Every structure is written in structure tokens, then in C-alpha cells.
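Working notes for the structure below.
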Amino acid sequence: MTTSSTNDPVGTPASPADFLQTPLDAWHRQAGAKMVPFAGYEMPIQYEGIVAEHQACRTKAALFDVSHMGRLRFDGDHAAEFLDHVLTRRVTDMVPGQVRYGMVCNAEGGVLDDVLVSFLQTPSERRFHLLVVNASNREKILKWFEPHLADFPTVTMSDRTELTAMIAIQGPMAIEVCKKLFSVDPSRLKNYNAFITDQFAKPVIVSRTGYTGEDGLELIVRAEEAQRVWENVLLAGREAGFVPAGLGARDTLRMEAGMPLYGHELDETIDPITAGLKFGCNLKDRHFIGEDALRAVAEQGRTRCRIGLLPTGKRPAREGCAVLSVDGETIGHVTSGGPSPTLGVPIAMATIDAKHAKDASFQIDIRGKTTDALPTKLPFYKRPPAAS
Amino acid sequence: MARDPSTLRYAETHEWVDVQEEGGDKFATIGISAFAVEQLNDLVYMDLPEVGRVLEIGEEFGEVESVKAVSPLYSPVAGEVVAVHSDLPDNLDNLNDDAFDFGWILKVKLSADLPDSLMDYAAYQKQCSEAG
């Protein structure tokens, strides 16, 4: 067996001094988490095991430290106009409490990042916008925004990432258990809504969002409060079976949910429409960076598209495997793939030539061996409707 | 009789080797260590070589996959594959409890002496503790 690759769990980690640490780092190590380098941070990839953590999230709830995600705050009278200019999603009509998913694109329509933008209001009625960006893209996005901010002198941008922590609580029991934790009951939140409340008199941003296909919350707290809040949630959820979960389970969960991951389904060479994220673009009556390119794709049709595949057999297809038509022609590649713990079979997402979008079957070249694969609708897994 | 891990030789890449003589020839049984199985966690797939294939020392003969990662398997010995454990890929869970007996992967008729690079149990234990 090889032991050298950085995403190989047997791999030797680099020196801890090379990486940033989240405010929960000491807790993870004390809990026996396996720590791996990820996007400049050392992050827990798993505690007990990826499959057990995955199943806990699908049936009870799991806690994820997602403090490595970037958090950028925007203040000022024209913050909404600025964000509207740099995002594919309309921002100017948002009301306090709303959260939206969108993309930051370059002029060619390539995706610089996919983000969540929240419009928040403090108890003293101060309003601001918060952008949650991918960890690996934080520096790039800060640099990208700087020259554009110059056109909006009343807007200030502050990087809150290292001053705060972010915790995701995901699973069918998440909301029920969290009811008693905050001064305002989060079950009143609609999906993709957020408010600022407190937990033992300390402010916390609570959003009904997530990245696992489950119902749940994402919390943003001050860095110094992170461990207290994390432990409070775990304690409150102990009887319900809450567990801490690492990035390994987060990846299998988001794959089953058919959600794109930057660097895999999304990058600067792909536009949101090609990536199957047209819902995250508002093209009507707006001017934003990349609009001309996206309008052209919308009008002329995309040349590539994202599909879901079910490889037959047990062998998972992994990122980079070539996707072939039934005639044996290479028509694309796998962007994410692995075993689905919930379905018990391998699943894969792929970007392929749009001419083949409706084909009834495909083949995948898994490191030299060809495996049949059937197209399937995304997501691979959809949570059952909540019991009333 | 159960195989005793402390009597086996180990490759740096976590394969174990058990050499036995039968009828004047030397045969090596090869698997992966309990340490490797534990580190990989949640195994989902294993690819075995064909019987009759001739392997060089260090040659990749198959793959083991966990939920997250694909790890190539390397032959710690030189020789011809005379048997493969065909029940193993469908029962990878058993490796968690039984990496050294049920967990054998292939049997090779040796064409050369074992390489000096193979470690004894104590040296391998030291490597594992340093890998943490």
C-alpha cells in the first residue's frame, strides 16, 4: 500500500506549524480525531469512522467544525449594490433574515467561488451582509473584490474568519434538539433564513442552511465561544445520538445530496449554467460581472453539462476517471465519486459533452478497467419528508 | 493454526509476508497489516491479481479502497501468483478483526530470496508508532 498521498488517511501530516488551526483544534485532538491538511488548515477528517458519522447524520444528527470556511462581512449603505455587482444572484431585493446561494464569476463567466450571502440584522437593528466563501478561495476572493470595492467607497469589507468559528449541526434531530439552546427558537426559521440570537448571552448567527442534504443549522460564533457552544450542542444532543463528524463524512453526504464542491464540480473553467446551477443565477434586469458570458450560454445552450452516474459493480469511480459513450468515445470526466454509505452502491458526478446528456448508458474508465454506468437524476439521496 | 503477527515480515508499505516451505519450494502468503486496515477505515473494494501472474519486488498487484482513498498494493516479494483469496473482496469487513488469517490476499511461489528491506515485527511496530 502507498502511504504518501495527502488525502490518504495513512499519509504523514506535514508539520503543524505550516497550517492554521480552528478554535476547536484542541477539542478535535483530545477527541482522537484524525487530522489532515485541508485548504491551509489542519482539519478533522474523521473521529470514529466516515461511515458511522455519515449514518449518524442521516438518522440523528452530526456536528461539523466548518470554521475553515471564509466569513466576510460587508457594512455600509451600498453593500447590497456592491454584492449584487459581484454575485450571480440578486442581492438588492433581500430582506433581513434571508440567505441566498450564488456564485462569484469572472468576466468570462468562470466560477471564482460559490458562496452563501446572508442579510442580517442585529438586535440593535444594525444591518450588514455576510458572505461565506470556500476556505481555499478566501484569499482569491478578497483580492478579487478589492478593485471592485473601490467603486463603492461607502462599503467596508472585513474578513471575520479567524475571529469567529462556524459549526454545522445537520440531521433529522438537529432542529428539535437545538430548540432549547438559543434564546430564540430556531424551528421558526424557514430554510435559507438566518437570525442573530444568543446562547448564554453571547451572540450567535443561526442559519437554516447546510451541505449534507439534511435539515439543520449552521452557527457562527466568536472564536473564544466556539468550544463552549460545540460542547453545549453535543451535550444537548447526547441522548438523541449526536456525534462529531469530520470532513470525510461531509464529503460523502454532500455527494449523495448532489451538491457541487468547488475544485471538483466548479472551477474557473466552468460557468454556473454548465455546472447545472442555473437556479443560482438571476439574469433578468441586472448588471453583474460575468453577465454577458452567462447570458450567451443561456441563449446558445451549454456545451457541457453535469450528470449523476451509477457505476455498476462495487468499484467506485473516482475524480478524474474518463467517462465514455457506449461507442467508447471519451466525452467527459468524473468530478466526484465514491461509495454511497446510504445507498450501498458507488455514485459519481461527471461533467460531459452536452450532446450526450440524454444518453441511456455510459462507461467509466476506472484506472484502466471499463465499467458500465447508468445515468441517474441528482440528488442521489433526498431526505424523506418530515413527519407531521 | 492462527498466524502470529510477531513472526511475520513487513514492507514499509504495510504488506505482511509469511514464508513457508512446501516440497522444496518457498511460498509467501501476503496480506496487509491490522494497522493499515485500521488506518484505512471503512474498506469498500479490493482488486486482486490473476493467478499465474509473475510479480517483481515492489510491483503493484492490486488496489484496496476505503470510502475516501484508493491505495495501491505492492508485492513485497518476487515470484508467481499461485493463489488469490477470492472471498476477500466480498468480505472486507472481516479484515477489521482478522487481518492476518482470513485477511490473506495472495500466495506467491518465490523466485528469489526475500528482500533485505522487509522489516521484522519490532521494526514495523516502530514505523507504525512513528506514523502515529
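Naming convention: chains lettered A, B, ... in sequence-line order (proteins, then strands); numbering from 1 in each chain. Since this is a predicted model, take the numbers as computed values, not measurements. Keep in mind that the numbers below use all heavy atoms, side chains included, and drop hydrogens, waters and symmetry copies.
Counted within 6.0 Å of CZ on A/Arg238, heavy atoms from surrounding residues, nucleotides or ligands total 12 or fewer; the atom is thus considered open.
With a 6.0 Å cutoff to the six-membered ring centre and a 45° limit on the axis angle, A/Lys314 does not count as a cation-pi contact of B/Tyr45.
A/Ser136 and A/Asn134 share no side-chain donor-acceptor pair at under 3.5 Å.
Between A/Arg254 and A/Glu265, at least one side-chain N (NZ, or NE/NH1/NH2) sits under 4.0 Å from a carboxylate O, which counts as a salt bridge.
Neither the backbone nor the side chain of A/Glu319 comes within less than 4.5 Å of any heavy atom of chain B. The contact between A/Arg318 and chain B is made entirely by side chain atoms (from C-beta outward), counting heavy-atom distances below 4.5 Å. Proximity to chain A (any heavy atom under 4.5 Å) is restricted, for B/Asp47, to the side chain, taken from C-beta onward. Residue B/Glu60 does not touch chain A at all, counting heavy-atom pairs closer than 4.5 Å.
For B/Trp104, the ring pair (Phe, Tyr, Trp, His ring centres under 6.0 Å) partners two or more places apart in sequence, or in a different chain, are B/His85.
Aromatic ring orientation, B/Phe35 versus B/His14: parallel (interplanar angle below 30°, classes split at 30° and 60°).
Between A/Glu214 and A/Cys57, some side-chain heavy-atom pair lies under the 4.5 Å cut-off.
Using a 4.5 Å heavy-atom cut-off against chain B, the contacting residues of residues 363-375 of chain A are A/Arg367, A/Lys369.
Rounding to the nearest 0.5 Å gives a distance of 11.5 Å between OH of B/Tyr10 and CD of B/Gln127.
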